[in-house]
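Worksheet for the structure shown next.
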Amino acid sequence: MKPMNGITIFVSKKNKRKIAEELISGSKIPYAQVEKDAAEAKERIKKRRMAEGTK
Amino acid sequence: MNLLKNDLYYCEHLADTKEHFRLIQKFKIYKENGQGLKAYLMDQAVYDEIHNFSRTYLVRDNATHELVAYFSLKAGLFSLEHGLFVKQVQAFPGIELSNFAANDAYKDVHNDASGIGAIILSDFIFKIIREAQQEIGVCALYIFALPDHRLIEYYTKIGFRRLSARQERQLHRRIKPAYDRDCIFMFQGI
């Protein structure tokens, strides 16, 4: 129960939880995909640098 | 002090050394709509760092120590409205990726531009937010993205999503800072 603008509103805990769960589970950072993209980019950069003789 | 490091780059706090204040003056962004990111780094980032409004990190090349990119993180909160007749607002604690830009001056010299964003996200930004999440309750990473369709596509590819048009309009009205005028709120759970 929270007083807001003079009106007491009952916020359903079940409803709040559902929205939070939807938010969090519906859109998680795709860690694995980004890590894979990063690993590929690092390999590409390292190969290019070695080919160019910069490192 | 090196905060984080991988095979190619390392990441430091802006305020770690005075050398950084000289280094950031060489930061370049060519795109017209990215000039705010350059201005932030040069004119505002140090003030925000000193007053703990935001943490700015510089990503530098291991071999040459050139400035590759920078990003800023700050704690924040966003809220969503729901309910047709009685509006209810639910707040979510999060981390705002408030600035994220590659240095065009570095890209001019090196042919390494492709994939830098993914490397920085994976090896630096994700590590920092995962550590923060161990200490304080944060459930989302969010951004106010420049209204550039290629950028929005890129952020979508790495997992950020937009709200419905109605929710987006409501949220922009409630919490979008003046600095992010015209920008688009995007978020993802962490």
Side-chain angles (χ1 to χ4, degrees), chain A, chain B residues 6-9 61-64 68 78-83 85-95 97 109-127 129-130 133 138-142 154-163 167 186-190:
Chain A
M1 188 171 75
K2 288 191 170 204
M4 296 164 80
N5 299 328
I7 306 165
T8 302
I9 295 171
F10 290 90
V11 180
S12 152
K13 278 186 182 170
K14 198 176 169 187
N15 194 22
K16 279 183 78 169
R17 195 161 53 239
K18 185 169 168 257
I19 291 164
E21 279 170 7
E22 275 175 11
L23 174 92
I24 294 161
S25 63
S27 167
K28 276 274 190 189
I29 291 179
Y31 287 111
Q33 183 59 47
V34 177
E35 280 162 8
K36 183 171 164 273
D37 290 349
E40 285 171 4
K42 277 190 276 189
E43 273 312 300
R44 204 169 47 240
I45 292 169
K46 278 192 257 183
K47 275 183 188 162
R48 191 185 302 130
R49 286 188 183 186
M50 280 173 70
E52 289 169 355
T54 50
K55 196 190 169 191
Chain B
N6 66 20
D7 298 345
L8 300 166
Y9 311 118
D61 188 302
N62 278 347
T64 64
V68 178
F78 67 92
S79 56
L80 299 179
E81 267 180 38
H82 51 93
F85 302 109
V86 181
K87 293 270 182 257
Q88 296 179 356
V89 177
Q90 186 177 0
F92 298 91
I95 295 174
L97 177 58
V109 181
H110 302 267
N111 220 1
D112 294 342
S114 168
I116 283 178
I119 296 171
I120 293 170
L121 271 167
S122 164
D123 292 1
F124 304 138
I125 297 175
F126 287 172
K127 287 205 166 102
I129 62 175
R130 278 165 158 169
Q133 199 177 31
V138 283
C139 67
L141 176 68
Y142 65 94
Y154 173 72
Y155 281 129
T156 305
K157 190 183 155 214
I158 57 171
F160 284 94
R161 79 174 199 207
R162 290 178 72 167
L163 295 167
Q167 280 184 317
M186 299 180 83
F187 75 98
Q188 54 185 314
I190 53 178

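From a predicted model like this one, the values you see are computed outputs, not experimental measurements. The sequence lines fix the lettering, A, B, ..., with proteins before strands; numbering per chain opens at 1.
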Quick one: closest heavy-atom pair of A/D37 and B/A118, and the distance? CB-CB, 4.0 Å
Chain B heavy atoms under 4.5 Å from A/Q33: which part of the residue, side chain, backbone, both or neither? neither
Taking side chain as everything from C-beta outward and backbone as N, CA, C, O, which of these in B/I125 sits under 4.5 Å from a heavy atom of chain A? Side chain, backbone, both or neither. neither
Roughly how far, to the nearest 0.5 Å, is the NZ atom of A/K42 from the CG atom of B/D123? 3.5 Å
Does B/D7 come within less than 4.0 Å of A/K46, counting only side-chain N to carboxylate O? yes
Could you tell me which non-hydrogen atom of A/E35 sits nearest to which non-hydrogen atom of B/S122, and how far apart they are? CG-OG, 3.3 Å
Which atoms of B/L141 approach chain A - backbone, side chain, both or neither, heavy atom under 4.5 Å: side chain
